[in-house]
Amino acid sequence: MRLYDTLTRGLVELPAPPGSIRIYVCGSTVYQRVHVGNSRPFVLGMWLRSWLKETGYDVTLVHNITDVDDKVYAEAARQGIPSRELSERATGWFFEDTDDLGLGRPDVEPRATETIPEIIEFIQELVERDAAYAANGDVYFRVARFPEYGRLSGAKLEEMVAQEESPIKEDQRDFALWKGQKSHEDAAWESPWGLGRPGWHIECSAMAEKHLGETFEIHGGGNDLRFPHHENELAQSRSLGHEFAKIWMHNGMLELDEAKMSKSLGNVVTLREVLDDWGRETLLVFHLTAFWSKPIDFDDAVMSQAAARAESFREVFRNPHEPAPAGAWERFAAALEDDFSTPAALAVMHEWHDHDLLRRALGIFGLESLAAEEEAPPEVVTLAERRQSARANRNFDEADRLRAEIEAAGWEARDDANGFRLVRRQLTSR
RNA sequence: GGCGCCGUGGCCGAGAGGUUAGGCAGAGGCCUGCAAAGCCUCGUACAGCGGUUCGAGUCCGCUCGGCGCCUCCA
């Protein structure tokens, strides 16, 4: 299998199975309900693990939760509650919402606040190696000491500008590894530099290495994390002589249409809302239609189409099974092996009338539920039976009235040689 | 301004020098009391302008347009 790697800007071949593949995915900062866009790296990680297992690898997927950050302090202060209370509640939401995706859980879901000792140790080593320095209760990474800095994002070290003006920093490009406690911050940890908390990027280096080791195969996350987040992670870990991630997979952004994707708060669609409005299957099919590294628009039209696709898969299971021609699975696999092209794999799946093969393919994406036919409730069955007798008596007005009633209940009556069949009418628009 | 990604038919998306991608939507037909499903038929698209070539969505150049990052962000 080959995957596009941001660092080398090309396709990188994975060692052939069997073997182990370790994946680290940058998760979200928890201070409010996550939005649909946040589901992309999560879903991609889960699917990748699923496919790699299918093809014979031993996979470990780590997906972190950032529960200490400026945003957490700020939002907690706004609500007038302790920051730990907010981050714990928001972590709960995150679990709830991602659970409802129905993809299971990553193997490890570490939280920054549970990794403080490792983070401190990491920073100490950087200081010992002169890659970092303490100043005024803070600790900063010496960007100039890491010649490869900028390689991941394509930025030139000389052209980099100050991230945030600070008289304490030796070089304005340096970034914080540890930040001394500020008066408005209600959560802090003991460290060799006094009370404080981890900087923005060190947590990921520490968590990834704690759970996967100094070297691992894949590092995922949103494209917006390339710089500075991932650039800094790479710098921290490589400065300790660790190889760190071999492949960097950056997923494209979801573009929220509607109100012109303004940054105003009202414009964000939460994962919860999408799950409630469209259901998990439609959301997952939507993710399937898009190529993981490319941006994709999120709007009702696109979701309606995803819903229609989901419905067309359900239809396959209502129709007779027809064995797929030889090589069908191989074509499906080839699509995924080629940079995990789910749109291409989807196209192959749509050609199948083979129940077994389709169920197996859908299963990889957590969509086996599309193969299960829902049982109609007794009252709907009664309506259908009454309609049948009306039809038998050629009382078609009554039959049509009953059809409408059945539809109002969310079902569709289909007549066939043996009588009728009830099919759940799925939402295909909002 | 810098770095990077991208522009394919109504929509989502394949294709990577020379034959139909596929799906969804739409139109017509068969079937049906009416439907649904199914089956059949129908789209000649590749941002624009030049260039290379016997031949270009597919290679080169330019232009236009969109997006991400450069500040917290999946």
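Below, chain A is the first sequence line, B the second, and so on; all start at residue 1.
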Check the side chains of [Y] and [X] for a donor-acceptor pair under 3.5 angstrom, ignoring hydrogens and angles.
{"X": "A:Glu273", "Y": "A:Thr270", "value": "yes"}
{"X": "A:Arg105", "Y": "A:Thr98", "value": "yes"}
{"X": "A:His287", "Y": "A:Ser39", "value": "yes"}
{"X": "A:Asp171", "Y": "A:Tyr140", "value": "no"}
{"X": "A:Asp107", "Y": "A:Thr60", "value": "no"}
{"X": "A:Tyr149", "Y": "A:Asn232", "value": "yes"}
{"X": "A:Thr66", "Y": "A:Asp69", "value": "no"}
{"X": "A:Glu233", "Y": "A:Ser205", "value": "no"}
{"X": "A:Lys71", "Y": "A:Tyr31", "value": "yes"}

Which whole-number value in Å describes the distance from [X] [atom1] to [N] [atom2]?
{"X": "A:Asn232", "N": "B:C72", "atom1": "CG", "atom2": "P", "answer": "9 Å"}
{"X": "A:Glu373", "N": "B:A37", "atom1": "CD", "atom2": "P", "answer": "14 Å"}
{"X": "A:Asp297", "N": "B:C6", "atom1": "CG", "atom2": "P", "answer": "16 Å"}
{"X": "A:Met253", "N": "B:C67", "atom1": "CE", "atom2": "C1'", "answer": "11 Å"}
{"X": "A:Lys294", "N": "B:C6", "atom1": "NZ", "atom2": "C1'", "answer": "7 Å"}
{"X": "A:Asp339", "N": "B:G15", "atom1": "CG", "atom2": "C1'", "answer": "15 Å"}

What's [X] touching, base or sugar-phosphate or nothing? Going by heavy atoms closer than 4.0 Å.
{"X": "A:Asp415", "answer": "base"}
{"X": "A:Ala413", "answer": "base"}
{"X": "A:Gly27", "answer": "sugar-phosphate"}
{"X": "A:Arg331", "answer": "nothing"}
{"X": "A:His250", "answer": "nothing"}
{"X": "A:Gly37", "answer": "base"}
{"X": "A:Leu44", "answer": "nothing"}
{"X": "A:Ser341", "answer": "nothing"}
{"X": "A:Arg226", "answer": "sugar-phosphate"}
{"X": "A:Asn251", "answer": "base"}

- [ ] Find which nucleotide of RNA chain B each of A:Thr289 and A:Arg40 is nearest to by heavy atoms, and output the residue with the more 5' nucleotide.
- [x] A:Thr289

TODO: Let me know, please, whether A:Ile296 or A:Asp69 comes out on the 5' side of the other along RNA chain B by nearest nucleotide.
DONE: A:Ile296

Between the protein and nucleotides 22-30 of chain B, are there any N/O to N/O pairs under 3.5 Å, and if so, what are the atom names and distances?
unit_1: B:G22; atom_1: O2'; unit_2: A:Ala347; atom_2: O; d: 3.3
unit_1: B:G22; atom_1: N2; unit_2: A:Arg309; atom_2: NH2; d: 3.1
unit_1: B:G23; atom_1: O2'; unit_2: A:Arg309; atom_2: NH1; d: 3.3

Open item on the list: Any donor-acceptor pair, under 3.5 Å, between the side chain of A:Arg151 and the base of B:G4, if you only look at N and O atoms?
Closed with: no

- [ ] Tell me whether B:G57 sits syn or anti, counting syn as a glycosidic angle within 90° of 0.
- [x] syn

Task: Spacing of the C1' atoms in B:U44 and B:G38 (rounded, Å) - done: 28 Å

- [ ] For B:G26 and B:C31, measure between their P atoms and round to the nearest Å.
- [x] 22 Å

Open item on the list: From the set B:A14, B:C69, B:C39, return the single nucleotide nearest to any side-chain atom of A:Phe291.
Closed with: B:A14

TODO: Look at the side chain of A:Val302 and decide which nucleotide, out of B:C12, B:A14, B:C69, has an atom nearest to it.
DONE: B:C12

Open item on the list: As a test of understanding, state which of A:Thr342, A:Asn251, A:Leu103 forms a side-chain contact (heavy atoms from CB on, under 4.5 Å) with A:Val43.
Closed with: A:Leu103

Task: Within residues 391-403 of chain A, residues whose heavy atoms come under 4.0 Å of RNA chain B - done: A:Arg391, A:Phe396, A:Asp400, A:Arg403

TODO: Both distances under 3.5 Å, Watson-Crick or G-U wobble: on that basis, could you give the dot-bracket string for RNA chain B, with [ ] for crossing pairs and | for other-strand partners?
DONE: (((((((..(((.....[...))).(((((.......)))))....(((((..]....))))))))))))....

Open item on the list: In terms of relative ring orientation, are A:Trp178 and A:Trp193 parallel, tilted or perpendicular, with 30° and 60° separating the classes?
Closed with: tilted

- [ ] Evaluate the ring planes of A:Phe365 and A:Trp47, with Trp represented by its six-membered ring, and classify them as parallel (under 30°), tilted (30 to 60°) or perpendicular (over 60°).
- [x] perpendicular

Open item on the list: If you take the centroid of each ring, where Trp contributes its six-membered ring, are A:His230 and A:Trp248 closer together than 6.0 Å?
Closed with: yes

